[in-house]
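Below, chain A is the first sequence line, B the second, and so on; all start at residue 1.
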Amino acid sequence: MKDNYLAELNEPQRAAVTHINGPLMIVAGAGSGKTKVLTTRIAHLLRNGVDAFNILSLTFTNKAAKEMKERVERILGSSEARNLYIGTFHSVFARLLRAEATKLGYPSDFTIYDSDDAKSVIKTILNDLNLDDKHYKPNLVYGRISAAKNSLMSPEEYQHDHAVQQEDMRANRPMIGQIYDAYAKRCFKNGAMDFDDLLYKMYLLLKHFPDVLHKYQHKFKYIMIDEYQDTNPAQYEIIKLLGAAHENICVVGDDAQSIYSFRGATIQNILQFEKDYEDTKVVKLEQNYRSTKSILNVANEVIGNNKGQIPKNLWTDNTEGEKIKLVRTMTDNEEGKFVADTIAEQKLRNHYANRDFCILYRTNAQSRSFEESLRRMNIPYRIFGGISFYQRKEIKDFLSYLRVISNTRDEENIKRIINYPVRGIGKTTIEKTMVFANEHNMTFWDVLVRAREFGFKGGTLEAIDGFVTMIQSFQAMAQQNHNAYDVAIAVGKSTGIVKELFNDKTTEGLARYENIQELLNSIKEFTETPTEDGELLEKSLGTYLQQISLLTDADNGNDENSDQVKLMTIHAAKGLEFPVVFNVGLEESLFPSSMSINTREELEEERRLFYVAVTRAKSRLFITYANSRYRFGNLVQNEPSRFLDEMPEKYLDRSYAGGGVRNAFGGSGNSGWGNSNNMFDRKKTPATTPQSTTSQRPAPKPAVVATNHVPSPNFTPDDPATMEPGMEVEHQKFGFGTITAMEGAMHNRIATVVFPKAGGEKKIMLNYAKLMIVKK
DNA sequence: AATACTCCAATTTTT
DNA sequence: TTGGAGTATT
């Protein structure tokens with residue numbers, strides 16, 4: 001380990017690093033070297049005799065956890081770091097919960113539901129309770145349940161809490177308490193926890209099992225929390241419990257960057273820390289190493305409009321830098337053009353690479369105009385956020401199999417796959433099974449296993465038995481020491497999913513096939529990566545599932561070295577920095593969002609978000625806003641954002657003319673209409689080479705499927721009864737094909753036909769679609 | 001079973 | 001405008 005590690009730190013940084021025992025709060029301004037302090041402190045602890053096994057370090061993202069681990073390892077120059085417990089709140093708690101699951105009545109292979117899973121459970125419950133999902137919007141209900149868990153409120157407490165009930169009554173949604181109750185029971189029955197449960201159940205575990213609490217209090221003698229300003233009450237209480245014995249709690253955060261209150265975070269946690277823990281040592285990191293003076297000054301001025309902050313004075317030794325360029329365009333499309341032009345120009349003038357630029361917006365929906373203009377200029381880019389890999393339908397379907405194999409209690413996932421691929425288990429059968437399961441207080445799966453006893457017959461019984469046998473054979477595989485990859489391959493083969501997707505030659509089908517391959521590859525990679533802590537069965541299916549349930553695509557193919565302009569929401573940009581930043585869409589109702597201007601608290605959070613956006617920039621910052629933009633299909637006019645008025649004029653340059661010659665005068669007041677001559681450039685030029693997009697994005701727009709078959713002039717349908725496999729037939733739309741199979745009774749014949757020119761295998765119901773026999 | 005349609009809603013989202 | 005969900009059509 002390096003000896004001079006303390007010498008590389010400034011005064012307050014060193015103070016933070018060398019404080020070993022007792023509560024410590026590090027207030028770390030943007031760009032003040034927070035991660036460096038955290039990692040160095042861990043190294044310092046180890047050097048001073050603390051055992052790595054006794055250190056717990058919690059972050060919010062996998063990425064942050066990974067980076068921390070790597071940096072500690074680098075400082076130490078040894079593998080001692082792998083004994084540290086570094087991870088996200090969710091992944092660390094999931095692991096502990098897995099170890100103690102039986103105490104709470106959960107299987108140790110419990111499934112983790114993401115928010116889509118959770119919402120679909122809520123939908124079925126709304127159905128059961130005969131509630132209207134227009135009024136009880138699943139999203140909203142989920143939000144209420146999530147908020148309840150994040151503030152450690154059980155369904156019973158929720159239903160008996162006066163204030164909460166009042167609130168629901170006023171919103172005319174009195175049933176949310178019951179829905180919460182049913183939801184919690186359903187999840188438990190399914191052996192599943194949602195993201196919030198990972199915190200809530202962890203709290204319950206520590207609260208109700210003193211021996212468990214004692215065990216972990218003694219294991220985790222030193223606790224570090226990153227991004228403390230974004231913790232919620234559940235996380236707060238857990239930390240309090242875990243840290244109670246030693247109070248060696250070190251929190252790091254910046255109240256000015258608290259931007260997740262809508263996810264339950266309370267800024268109070270950091271504001272109150274000193275009061276919560278006596279003798280707290282407070283260290284403020286106020287020197288910024290990231291940005292120019294201009295950028296930092298603007299940020300400081302703007303955030304100064306917020307009340308109730310921890311007083312601090314962020315400063316920098318960096319150069320003055322250029323003024324902030326404030327640019328107004330007439331439309332959102334022009335805004336896109338301006339940014340793309342400017343990127344091209346800056347690359348030439350200041351020798352930037354694509355990866356030096358980042359475009360930051362308030363909402364994902366704003367990305368479109370930038371995508372278009374970047375594509376038109378052939379500038380490679382990558383969009384972060386949006387639909388994640390693991391949310392794609394084909395991926396979820398496939399993972400459902402794996403989840404069911406590892407936890408058959410999970411009714412939701414069974415229902416997802418029981419008839420995918422189609423195997424003749426329809427709605428009626430599923431409903432019957434559900435009724436039986438309820439009546440006999442059994443799981444859905446157990447009813448399937450004993451289908452014969454429940455009176456299922458004939459083809460249905462056969463289909464169910466086939467499904468059960470198949471799943472059981474996978475389970476047997478998983479238990480016989482086959483690793484996750486072997487099982488996954490078997491699933492792909494036996495279910496026919498891989499083959500089915502392979503045969504689908506449409507563009508989307510191809511993308512789906514590739515996604516599945518990518519998934520299989522990632523499973524393979526998982527099984528082949530050496531285990532970190534040498535735990536047994538580490539490559540099992542269960543471990544794999546546990547891990548990926550907590551993964552987001554930000555953690556995935558984040559190739560730092562790929563040279564692409566980055567596009568993301570401001571939320572997604574927290575913790576990152578870029579030489580040149582474009583902060584776009586600075587308009588009232590967009591930013592600040594019209595949803596968040598009703599209370600002072602909401603508005604202040606928007607302002608913090610703006611602060612985060614500004615402080616991402618190292619040397620150049622462009623802020624743009626459009627006079628009018630399309631929103632939900634119609635052109636709307638927006639006033640310039642109020643935040644623009646909060647930036648002192650002396651740091652601004654309103655005359656930047658961009659890469660081309662375009663209107664760039666400004667004035668946050670009403671400086672009249674522009675002299676733009678491209679006001680009408682809405683018309684879409686066809687996108688040129690989409691070479692720059694990435695696999696992160698959903699599949700490219702489907703090309704027109706080649707189904708434009710012109711039927712033969714003598715086309716006359718033939719009698720379905722005479723058709724047999726092997727015959728060549730013609731379909732009015734799909735063209736010529738070969739029958740590979742026939743099924744169904746006389747009055748409802750179904751032919752499986754391979755159409756080489758129209759996307760491969762299709763099932764044709766002969767009652768409706770007509771076929772003509774070409775060759776017997 | 002697959003498709004074609006109609007209608008409706010629409011922040012941010014570390015896990 | 002987009003996308004999803006639900007319904008109707010073949």
Among [options], which nucleotide sits nearest the side chain of [X]?
X: A:K137; options: B:dT12, B:dA10, B:dT15; value: B:dA10
X: A:N62; options: B:dT15, B:dT11, C:dA5; value: B:dT15
X: A:K134; options: B:dT13, B:dT11, B:dA9; value: B:dA9
X: A:K123; options: C:dA5, B:dT15, B:dT12; value: C:dA5
X: A:F632; options: B:dT12, C:dT1, B:dA1; value: C:dT1
X: A:H90; options: B:dT15, B:dT12, B:dT11; value: B:dT15
X: A:V422; options: B:dT14, B:dT12, B:dA1; value: B:dA1
X: A:D230; options: B:dT11, B:dT12, B:dT14; value: B:dT14

Item to check | Qualifying residues under side-chain hydrogen bond (donor to acceptor under 3.5 Å, both in side chains), relative to A:K119, sequence neighbours excluded | outcome: A:N139
Spacing between [X] atom [atom1] and [N] atom [atom2], to the nearest angstrom:
X: A:E372; N: C:dT1; atom1: CD; atom2: P; answer: 13 Å
X: A:R263; N: B:dT15; atom1: CZ; atom2: C1'; answer: 7 Å
X: A:H571; N: B:dT12; atom1: NE2; atom2: P; answer: 9 Å
X: A:N634; N: B:dA9; atom1: CG; atom2: P; answer: 15 Å
X: A:K119; N: B:dT13; atom1: NZ; atom2: C1'; answer: 9 Å
X: A:D116; N: C:dA5; atom1: CG; atom2: C1'; answer: 14 Å
X: A:Y420; N: B:dA1; atom1: OH; atom2: P; answer: 14 Å
X: A:M595; N: B:dA10; atom1: CE; atom2: C1'; answer: 9 Å

Any idea how [X] and [Y] line up, ring-wise: parallel (<30°), tilted (30 to 60°), or perpendicular (>60°)?
X: A:F591; Y: A:F610; result: perpendicular
X: A:H90; Y: A:F195; result: perpendicular
X: A:Y200; Y: A:Y203; result: parallel

Across the strands shown, which category fits [X] at heavy-atom distances under 4.0 angstrom: base, sugar-phosphate, nothing?
X: A:S593; result: base
X: A:Y260; result: base
X: A:D196; result: nothing

Checklist entry - Any donor and acceptor pair, going by atom type alone, linking the side chain of A:E334 with main-chain N or O of A:A626 inside 3.5 Å? => result no
Checklist outcome for this item: Per nearest nucleotide of DNA chain B, the residue lying toward the 5' end, A:E606 or A:N419, is A:N419
Checklist outcome for this item: By nearest-nucleotide position on DNA chain B, the 5'-leaning member of A:L609 and A:G424 is A:G424
Checklist entry - OP1, OP2 of B:dT13 versus side-chain N and O of A:N364: anything below 4.0 Å? => result yes
Checklist entry - Does a side-chain N or O from A:T569 land closer than 4.0 Å to OP1 or OP2 of B:dT13, or not? => result yes
Next on the checklist: Is it the case that B:dT11 (base atoms only) and A:R362 (side chain only) share a donor and an acceptor within less than 3.5 Å, ignoring hydrogens and angles?
Outcome noted: no
Item to check | Aromatic contact, A:H571 with A:F384 (centres under 6.0 Å) | outcome: no
Item to check | Torsion-based syn/anti label for B:dT11, 90° from 0 as limit | outcome: syn
